2 protein chains.
Amino acid sequence: MINSRVAVAIHILALIASKPHDDLPSDYIASSVNTNPVVIRRILGMLRKAGLIQTQVGKAGASLSRSPSDITLLNVYRAVEPDEELFAVHENPNPHCPVGKRINAVLDEAFHGAQSALEKKLAGQNIQGIMDHLFSEG
Amino acid sequence: MINSRVAVAIHILALIASKPHDDLPSDYIASSVNTNPVVIRRILGMLRKAGLIQTQVGKAGASLSRSPSDITLLNVYRAVEPDEELFAVHENPNPHCPVGKRINAVLDEAFHGAQSALEKKLAGQNIQGIMDHLFSEG
DNA sequence: CCACCTGTAACTATTTTAATTACAGGTTAA
DNA sequence: TTAACCTGTAATTAAAATAGTTACAGGTGG
C-alpha cells in the first residue's frame, strides 16, 4: 500500500487553498489531519522542496506557488514519494537461467505501462478539483 | 513501493509455464529467483489459494490451473497483495473541520480512478505475454 | 523582550517484508 | 520398508519504512 503522505499532502494543500487569506500554523493543520504538527511540517518541507508551496521560517502560513488548478495529484505524489518505481522487482535473479536472465527487463516493461496509467490519472486531477468536490453540496 | 511478491510470482508462473513437463521443486525455482525456497513455497501457497495453480504435498511440481493466456497480471497481483486499496488514507481526520469532514470521501474517489487504471493495465497482460517477451529474440 | 512559529534532528514504536531454521508428514523408488 | 526428497507452515530474525513524539536552535513580530 502506498503511504498516507500523499493523502495527507492533498489534505494540507486543500486546506491552504481553502483559506488563502489565513496563515495556518502547523498545529492547526495537524488538528484537521489528526496527527502531530511535526508530521505536517515534514510534509510541508517536501512540498516546498518540490516547489509547490512557499513557507517562511518562524512565521505561520504556507502559500501555494501556483494556482490550485495547476497543482496536479501527480505533482503531489512525486513530491512526497521518493521512489520512481511503483513495483519492486527482486534483485539478482539467476543469470544462468533462461527465465531469470531476462525476467527483470520483461517485468520492467510490464509494470511500466501500469504505472504510467496510474500516473496519467493522477496527472488528470488537481487541487482545484479536490476543492470542488469538498465544497459541492451533497 | 509495492512489494516484490508480484514480481516473484510472475517469475514463478513464467518458469512453470515454460517447463510444463517438468516438476520443478521449490529449491529449483528459488535458485532462479535467487531467494530462499520457503519464500517460493509461501508465494506458491498464495497462488494456490487464488486458484491459479495446483500443487501436491510431498511432491515437486506445480501446474497452472488454466492456460497462461488466461492468467492475467491482475490475477497475480490480487493473489499476492492482500490490500484492496492501493493508497493509504489517514484515519480520523477532524470531523469538525470542513475539509477534514469530507476529505476521505473525496480522496477515495480521487484515488479510485487511478487504481482502476492501474488494474486495467494489469488485467490487459497475461503470463503468455510475459513468456512471449522472455523468449523472443532481441 | 516574549509569545509564537518553523525546520530539523533524534528517538521510539509499529508494521511490513523477506530470509531463515525447523519440522511434521506426504511421495516415490530402490 | 526404508531412505531420499519434497511440501506446507509455524516461528524467529533482521531490515526497512512509516508515523508519532520530544527537543531545540533560531526566525518573526507585536
Side-chain angles (χ1 to χ4, degrees), chain A residues 1-9 11-12 15-16 22-50 53-63 77 79-94, chain B residues 1-9 11-12 16 22-50 52-63 77 79-94:
Chain A
M1 191 145 67
I2 294 170
N3 65 56
S4 68
R5 287 195 300 268
V6 193
V8 172
H11 186 150
I12 293 173
L15 260 184
I16 294 172
D22 290 357
D23 284 342
L24 309 179
S26 60
D27 283 66
Y28 176 92
I29 301 176
S31 80
S32 172
V33 171
N34 186 33
T35 184
N36 190 290
V38 175
V39 171
I40 300 299
R41 295 206 287 272
R42 267 203 293 253
I43 292 178
L44 284 172
M46 299 186 212
L47 296 173
R48 176 167 34 74
K49 278 170 193 150
I53 63 171
Q54 282 151 354
T55 64
Q56 262 184 280
V57 171
K59 196 184 166 195
S63 57
Y77 175 75
V80 299
E81 175 54 65
D83 293 325
E84 285 215 3
E85 301 301 325
L86 179 61
F87 289 89
V89 170
H90 50 298
E91 293 186 342
N92 308 318
N94 191 335
Chain B
M1 190 143 70
I2 294 170
N3 64 57
S4 67
R5 285 194 301 266
V6 193
V8 172
H11 185 149
I12 292 173
I16 294 172
D22 290 357
D23 286 341
L24 310 179
S26 60
D27 283 66
Y28 176 92
I29 301 176
S31 82
S32 172
V33 171
N34 186 32
T35 183
N36 190 290
V38 175
V39 172
I40 301 300
R41 294 205 288 272
R42 266 202 294 254
I43 292 177
L44 284 172
M46 298 186 212
L47 296 173
R48 176 165 36 73
K49 277 170 193 151
L52 303 183
I53 64 170
Q54 282 151 356
T55 65
Q56 261 183 279
V57 172
K59 196 183 165 194
S63 58
Y77 175 75
V80 300
E81 175 55 64
D83 292 325
E84 286 215 2
E85 300 300 325
L86 179 61
F87 289 89
V89 169
H90 50 297
E91 293 185 344
N92 307 319
N94 191 335

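Keep in mind it's a predicted model, so treat the numbers as computed, not measured. What's counted below: heavy atoms across the whole structure, side chains too, no hydrogens, waters or symmetry copies.
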OP1 or OP2 of C/dC5 versus the side-chain N and O atoms of A/Ser26: is any pair under 4.0 Å? no
Euclidean distance, atom CG of residue B/Leu44 to atom C1' of D/dC6 [Å, nearest integer]: 12 Å
Is there a side-chain contact between A/Arg42 and the phosphate of C/dA9, meaning an N or O under 4.0 Å from OP1 or OP2? no
What closest approach, in Å, do B/Ile16 and B/Ser63 show between heavy atoms, and which atom pair accounts for it? CG2-CA, 4.3 Å
In whole angstroms, the gap separating P of D/dT7 from CE of B/Met46 amounts to 16 Å
Spacing between A/Asp83 atom CG and D/dT18 atom C1', to the nearest angstrom: 13 Å
A/Val39 side-chain proximity, nearest of D/dT21, C/dA18, C/dT6: D/dT21
For a quick check of understanding: with a heavy-atom distance under 4.0 Å over all strands, which category does A/Arg5 fall into, base, sugar-phosphate or nothing? sugar-phosphate
Whole angstrom is fine here: how far is it from CG in A/Asp27 over to C1' in D/dT21? 13 Å
Which nucleotide wins on minimum distance to the side chain of B/Ser4, given the candidates C/dA18, C/dT8, D/dT7? C/dA18
Whole angstrom is fine here: how far is it from CD1 in B/Ile2 over to P in C/dA18? 12 Å
Quick check: closest heavy atoms across B/Pro93 and A/His11, and the distance to 0.1 Å? CB-CE1, 4.0 Å
Verdict with reasoning, A/Ile40 to A/Asp27, per side chain to side chain contact (heavy atoms under 4.5 Å, CB included): CA-CA 8 Å; A/Ile40 300 299; A/Asp27 283 66; over 6 Å; no
Reading DNA chain C from 5' onward, which residue's closest nucleotide shows up sooner: B/Glu81 or A/Gly61? A/Gly61
Let me know the distance between CD1 of A/Ile43 and P of D/dT21, rounded to the nearest Å. 14 Å
Distance check: side-chain N/O of B/Arg41 vs OP1/OP2 of C/dT21, anything under 4.0 Å? no
Which of these nucleotides, D/dC6, C/dT17, D/dA19, is closest to any side-chain atom of B/Asn3? C/dT17
Go through residues 28-38 of chain B and report each residue with a non-hydrogen atom lying under 4.0 Å from DNA chain C, sorted by number. B/Thr35, B/Asn36, B/Val38
To the nearest Å, give me how far apart CD (B/Glu91) and C1' (C/dT14) are. 13 Å
Quick check: do A/Ile2 and A/Leu86 have side-chain heavy atoms less than 4.5 Å from each other? yes
Using whole Å, what does the distance between atom C1' of nucleotide C/dT20 and atom CD1 of B/Ile40 come to? 14 Å
List the protein contact pattern of nucleotides 25-30 of chain C with one symbol per nucleotide (5' to 3'): B for base contact, S for sugar-phosphate-only contact, - for none; contact means a heavy-atom distance under 4.0 Å. BBSS--
Is there a side-chain contact between A/Asp23 and A/Lys59, using heavy atoms and a 4.5 Å cut-off? yes
B/Asn3-B/Glu81 side chain donor-acceptor pair, cut-off 3.5 Å: yes
Of B/Thr55 and A/Met1, the one whose nearest nucleotide on DNA chain D sits closer to the 5' end is B/Thr55
So, A/Asn36 side chain and A/Val38 main chain: donor-acceptor pair closer than 3.5 Å or not? yes
I need the minimum non-hydrogen distance between A/Ala62 and A/Leu44, along with the two atoms involved. CB-CD2, 4.3 Å
Shortest non-hydrogen separation from A/Arg48 to A/Thr55 and the atoms involved: NE-OG1, 3.0 Å
So do the side chains of B/Val33 and B/Ile43 get within less than 4.5 Å of each other, counting heavy atoms only? no
